[in-house]
Structure formats: C-alpha cells, structure tokens
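Starting from 1, each residue takes its place in the sequence as its number.
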Amino acid sequence: MNGGDVAAAPAGPPPPLDWKFSQVFGERTAGEEVQEVDIISAIEFDKTGDHLATGDRGGRVVLFERTDTKENIGSRRELERMDYTVSRHPEFRYKTEFQSHEPEFDYLKSLEIEEKINKIRWCQSSSGALFLLSTNDKTIKFWKVQEKKVKKVSDMNIDPSRAVGNGSVASSSVSSSPKQCVANGSYADRSFNCLSNDLSFPPGGFSSLRLPVVVTSNETSLVARCRRVYAHAHDYHINSISNNSDGETFISADDLRINLWNLEISNQSFNIVDVKPANMEDLTEVITSAEFHPTHCNTLAYSSSKGSIRLIDLRQSALCDSHSKLFEEQEAPGSRSFFTEIIASISDIKFSKDGRYILSRDYMTLKLWDINMDSGPVSTFQVHEYLRPKLCDLYENDSIFDKFECCLSGDGLRVATGSYSNLFRVFGCAAGTTEATTLEASKNPMRRQVQTPARPSRSLSSSLTRVVRRGSESPGVDANGNSFDFTTKLLHLAWHPTENSIACAAANSLYMYYA
C-alpha cells in the first residue's frame, strides 16, 4: 500500500491466500482447564518481525524470537540454497519471560488494580538489547531485556588436593564444580560460612593465600530490568499506549485523557487530549483507542465510543481538544435502536504501514478509512452481521462489550480481526477482490472455512470506491452449521510486519499461521 495502491492494483486483485498452521505455544490438552492468569491479553511483533511479545492476565510478558532467519542458518552453501528455494515461513521459539506487573491496591480510592497486561509496544533496540513498554490499567513500565554473561566465583584459597578432613575432599574449596557457584556470586550451599571442621591445615600452614575471585564465564542469561515506571498520571483505565516515530516520546490513553511522555522522564507527562466535561453527567463519549502515525511524529489518531475517529496535529496547540479531521459514518435513517451506540463503539484502530489508511474495528464491522477522505470509509467488512438478531442475548451476557482487535498486513492488501468460537477473519482490501476467509485458531485452521467466499455487495449510499464485504452470513451458525460459542473469543491478533504471517491468542494458547 504505497500512496493510492489500494484503489489501483496493477494486474487485477491478488489471489486469496492459502493459510497453513505454523506453530502453537501453550496448547491445551483435551479437557484441561485454563487458569485465568494464563489467558493472553496482548500480542505485538516488533518492527523487524524477528521478535514477538505476549502479555497475560497474570502480569507476565513472554518473548519469542525468530529462528529461521539467515543469521541462524549457517554455511554459505545453505544460504545459496535458500535463494533458489521457496522462502521459509517464520518460525519462533520461546526466548524468555518476566513478571511485568503485580496486583496492587489503591488505598485512596479503595480500588484493586489488577496485574493484567493491557498493551505491549516495542521500542527502538540498541546495543543488542531489546526495549519495550508494557501497561496494566494504571502503570506503564519501560523494560530492557539483554543477554548478560554469568559471573561466577572461582580460585578458592584452599588447594582441594591438600585440604582433606574426615577422609573427604573439602568441597567448599573446589572451584571447578558447577554445583558450588551460581549467578551473582552467591553459593547454592550455605552450610559453610568460614573454615569448616572438614579442613585440616598442613604442618607449617600455607605458603601463600589465594583469595577467591569473580570471573565472567562464557555462559549467558537473559535479564529483564525495569528501567522506568510511568505512574500516577491516569485516573481511569489505560486502554492504549503508542510509540512515536521520533523514538523519544509515546502516548498513553485512558477513557477521558491522552498523555504525552518522554521515554527518559518518568515523573512528568503532558496532557494533550482531555474530553472530560465539567459536569460528568454531560459525558456522552469516551476514548477507546489511540495511536501515533507511523511516520509523522506530529500526528495521532484516537477513536471514541460513538464510532468516530479524530486525527489531531500536535503542532496546532498544546491541548489538542480540537481535531484536524473527523472520520465517522452517518447512520442510515430509521435504523436506530437501543444497541446502535453500543455496537458503534470502536474497540481498536491501526494505521497502515505507510500511514495513508486507518483500520477500525467496531462490534459488527471492520472499516478502512483513507486519511485524505473523511466523507466515509473506503471499505466496510461485515464481521458479525449474523449476530444482529441476537443483540439482546449478547447484551444480557455482556458479550456485546467485547473488545476485538484488528490488524493490517505489511503490504496493506489485507486486514484481519477476531471473532467468536476462536475464529478469525482475513479480508482482501485491494480493488476488485472478493477475499473473505474464515479461519479457526487450531492446528487445522481451514476446518471451518467458507468454501465459496461471498461476493462484495455495494452499499446503497457508497461512492464507487466504497465496498461492503461479508463473511459467513448464517445466523448463529458458522459455515459448517456449528453453533457459535460466545465463551471462546479471539480478541488479540497481530500481523507480521513484512510477511503473511499471523499470530493470534485463543485463551492461553498462541497460534501462528502463514500463507
């Protein structure tokens, strides 16, 4: 998607992708109960696509690294063979994990703050170290993850061959045994503090005294260190964090405010958007998601619970309560109901890689917006239209408030989002394409595939470029006639930045697919 490529593909629309299962981490066995703390709540690829981070409801961040890159393959002959064969699909392995957030209690407000990770964002890496931001409802943390060489204690002052007592070698003096020393210079065995009874001094004592020294071994261990904590800046729950392209600043957004931070300064932030009315009874909408433009450091977008997206320019004023552009779709006359505003609420927005388009997800649809055209979305993709007759039931069991994420492919030709029954949908957004694929987060992703994708139907009030694309339309059942399960939902997914590969979370399992 460079410039206006979405509206003018050179040689017709690209063919639909054939998705295949790649990997699963944390797969559940049949009948295994999922612990609440293990449920994945955030997924994010870094800009290179070589690292993937997940956060869970237990406050942990787990990092995965790519293993199929050229650096890991080896000899020149293997590299040459790779150039002539079909390119490999991304493969990842577990790298490390750390406890990012702990449960807290706000004594002033008598409020429990859960440890659940709401969002993770990768920062610029440097000197072989990885940097990332993670946030729960109230506190953002800046983490540095790097390999450190393990330090060990060696060269004890007693010669093991001569320090014998009670018929055994004095183990406290052996420097080569791996059991005796652990990282950070502490001993695993605390039973010897000074000279033990096992030691016997030779006649005449020792000719020289060798003090123990700390040496750096060739072993390395990954260490995650919290560099900064950005706290006490939000009265309401944080729903978004987003890095700026300048590499120095980031934003955090809650229901009513967006704050601008410098990565180096944790005790000060600037409030740039404040939608809180003087009287809270006058509150009509809240902020649901916010993201910086990928290349313009002065531009950011935020979405609201009324279904609108506002583009703001930080150069206009210090407090950006007035937007530079407003994107919203007018509701059709006579279509208003009790649920209209609830299902219009946008749960997630994402910029395309070049910053030309914004993808938004509300409860029923995915919408693709051109930032140069604020009259309406370029394309609308129906995700949950079959649920419209069931809105009453969904309201009763609170499913109508589920917040599904969305993502775009690196080339901008496709978009994806999650659904119920651990399904996710991939739509083509190039001109003329009818691609609308339904996949299941399992080892057989095509099990519930719609065999004949529905043709896109033009919306009545649309311009020539505006398209409505539909997924499976059967009310309450999927393509194979299975009833939908509203307790299993695929809320979080991410698209690899350079390849057709998707990572998605089904409860505590991380599934990866490629095409």
Side-chain angles (χ1 to χ4, degrees), residues 1 6 42-45 118-121 135 237-245 250-260 272-273 275 285-314 320 323-329 341-374 376-381 383-384 401-410 412 414-418 424-425 427 429 491-495 497:
M1 188 186 286
V6 160
I43 301 181
E44 187 78 5
F45 280 105
N118 289 343
K119 285 284 186 286
I120 297 172
R121 289 291 178 266
T135 185
H237 290 178
I238 298 171
N239 55 48
S240 306
I241 50 175
S242 178
N243 309 74
N244 198 343
S245 57
F250 71 93
I251 53 168
S252 57
D254 66 21
D255 293 343
L256 298 179
R257 294 188 178 96
I258 300 176
N259 292 333
L260 178 69
I272 53 173
V273 175
V275 299
E285 65 181 328
V286 295
I287 297 166
T288 56
S289 182
E291 187 170 87
F292 260 120
H293 190 282
T295 54
H296 298 171
C297 62
N298 57 285
T299 304
L300 63 97
Y302 71 90
S303 59
S304 84
S305 57
K306 275 194 167 178
S308 60
I309 302 168
R310 290 173 173 84
L311 206 63
I312 61 174
D313 190 335
L314 296 175
C320 304
H323 50 266
S324 54
K325 281 191 177 175
L326 174 67
F327 304 94
E328 60 183 355
E329 193 169 30
E341 279 199 14
I342 301 174
I343 61 175
S345 178
I346 294 174
S347 54
D348 191 27
I349 58 169
K350 292 280 192 328
F351 274 100
S352 61
K353 199 173 182 179
D354 63 357
R356 171 73 185 272
Y357 296 88
I358 297 174
L359 180 68
S360 68
R361 170 73 153 101
D362 56 46
Y363 190 71
M364 306 299 279
T365 65
L366 268 177
K367 292 187 175 82
L368 190 67
W369 307 80
D370 184 334
I371 64 170
N372 297 330
M373 188 180 96
D374 53 10
V378 176
S379 300
T380 298
F381 309 98
V383 181
H384 280 164
F401 301 107
D402 287 336
K403 294 177 173 21
F404 292 93
E405 291 179 4
C406 58
C407 57
L408 295 100
S409 61
R414 292 172 182 86
V415 296
T417 191
F424 64 101
R425 303 249 163 84
F427 297 96
C429 50
L491 301 176
H492 311 285
L493 77 173
W495 201 302

According to salt bridge (charged side-chain N to carboxylate O under 4.0 Å, His left out), who are the partners of Arg361, at least two apart in sequence or on a separate chain? none
Rounded to the nearest 0.5 angstrom, the OH-CE distance for Tyr357 and Met373 is 9.0 Å
What verdict does the side chain to side chain contact (heavy atoms under 4.5 Å, CB included) test give for Asp374 and Leu326, after you've listed the backbone C-alpha separation in whole Å, the side-chain angles of each residue and the deciding distance to 0.1 Å? CA-CA 7 Å; Asp374 53 10; Leu326 174 67; over 6 Å; no
Can you give me the closest heavy-atom contact between Val383 and Arg425, atom names plus distance? O-NH1, 2.6 Å
Partner set under salt bridge (charged side-chain N to carboxylate O under 4.0 Å, His left out) for Asp402, not counting sequence neighbours: Lys489
Do Thr365 and Lys367 pair up side chain to side chain, a donor and an acceptor below 3.5 Å, judged on atom types alone? yes
Distance-only, no hydrogens or angles: does the Ser242 side chain make a donor-acceptor pair with backbone N or O of Phe292 under 3.5 Å? yes
Please check this pair: side chain of Asp348 against backbone of Cys406, looking for a donor-acceptor N/O pair closer than 3.5 Å. yes
Compare every heavy atom of Trp495 with every heavy atom of Gly410, then report the nearest pair and how far apart it is. N-CD1, 4.4 Å
Using a 3.5 Å distance criterion without hydrogens, assess whether the side chain of His296 forms a donor-acceptor pair with backbone atoms of Asn298. no
Would you mind checking if Glu291 and Lys119 are paired as a salt bridge, meaning a charged N to carboxylate O distance below 4.0 Å? no
Can you name the residues that form a salt bridge (charged side-chain N to carboxylate O under 4.0 Å, His left out) with Glu44, not counting sequence neighbours? Arg121
Between Cys320 and Leu314, does the side chain to side chain contact (heavy atoms under 4.5 Å, CB included) criterion hold? Intermediate values first, please. CA-CA 7 Å; Cys320 304; Leu314 296 175; 3.9 Å; yes
Run the numbers on Ile287 and Asp255 for side chain to side chain contact (heavy atoms under 4.5 Å, CB included), then give the verdict. CA-CA 5 Å; Ile287 297 166; Asp255 293 343; 5.9 Å; no
Rounded to the nearest 0.5 Å, how far apart are CD1 of Ile241 and CD1 of Ile258? 13.5 Å
Checking Ser245 side chain against Thr295 main chain: does a donor-acceptor pair fall under 3.5 Å? yes
Indicate whether the side chain of Thr288 and that of Ser303 have a donor and an acceptor atom separated by less than 3.5 Å. yes
Closest heavy-atom contact between Ile343 and Met364? CD1-CG, 3.9 Å
To the nearest 0.5 Å, what is the distance between CG (Asn239) and OH (Tyr302)? 12.5 Å
Nearest heavy-atom contact between Phe404 and Gly418 is CD2-O, 3.5 Å
His384 NE2 to Asp362 CG distance, which is reported to the nearest 0.5 Å: 10.5 Å
Grab the two heavy atoms, one from Glu328 and one from Ser308, that are nearest each other, plus how far apart they are. OE1-CB, 3.6 Å
Donor-acceptor under 3.5 Å (Ser324 side chain, Leu311 main chain): yes
When rounded to the nearest 0.5 angstrom, what distance separates CD1 in Ile43 from CG in Leu491? 10.0 Å
If you round to the nearest 0.5 Å, how far is OH of Tyr363 from CZ of Phe401? 10.0 Å
Might you confirm whether atom NZ of Lys325 has over 12 heavy atoms from other residues, nucleotides or ligands at distances under 6.0 Å? yes
Mind listing the closest non-hydrogen atom pair of Leu493 and Ala416 along with its distance? CD1-CB, 4.0 Å
Is there a donor-acceptor pair closer than 3.5 Å between any side-chain N or O of Asn244 and the backbone N or O of Cys297? yes
Is the closest side-chain heavy-atom distance between Thr135 and Ser252 below 4.5 Å? no
For the pair Ser409 (side chain) and Arg414 (backbone), establish whether a donor and an acceptor sit closer than 3.5 Å, ignoring hydrogens and angles. yes
Before you tell me yes or no, could you show the steps for His237 and Asp254 under side chain to side chain contact (heavy atoms under 4.5 Å, CB included), namely the whole-Å CA-CA distance, both residues' side-chain angles and the distance that decides it to 0.1 Å? CA-CA 5 Å; His237 290 178; Asp254 66 21; 5.8 Å; no
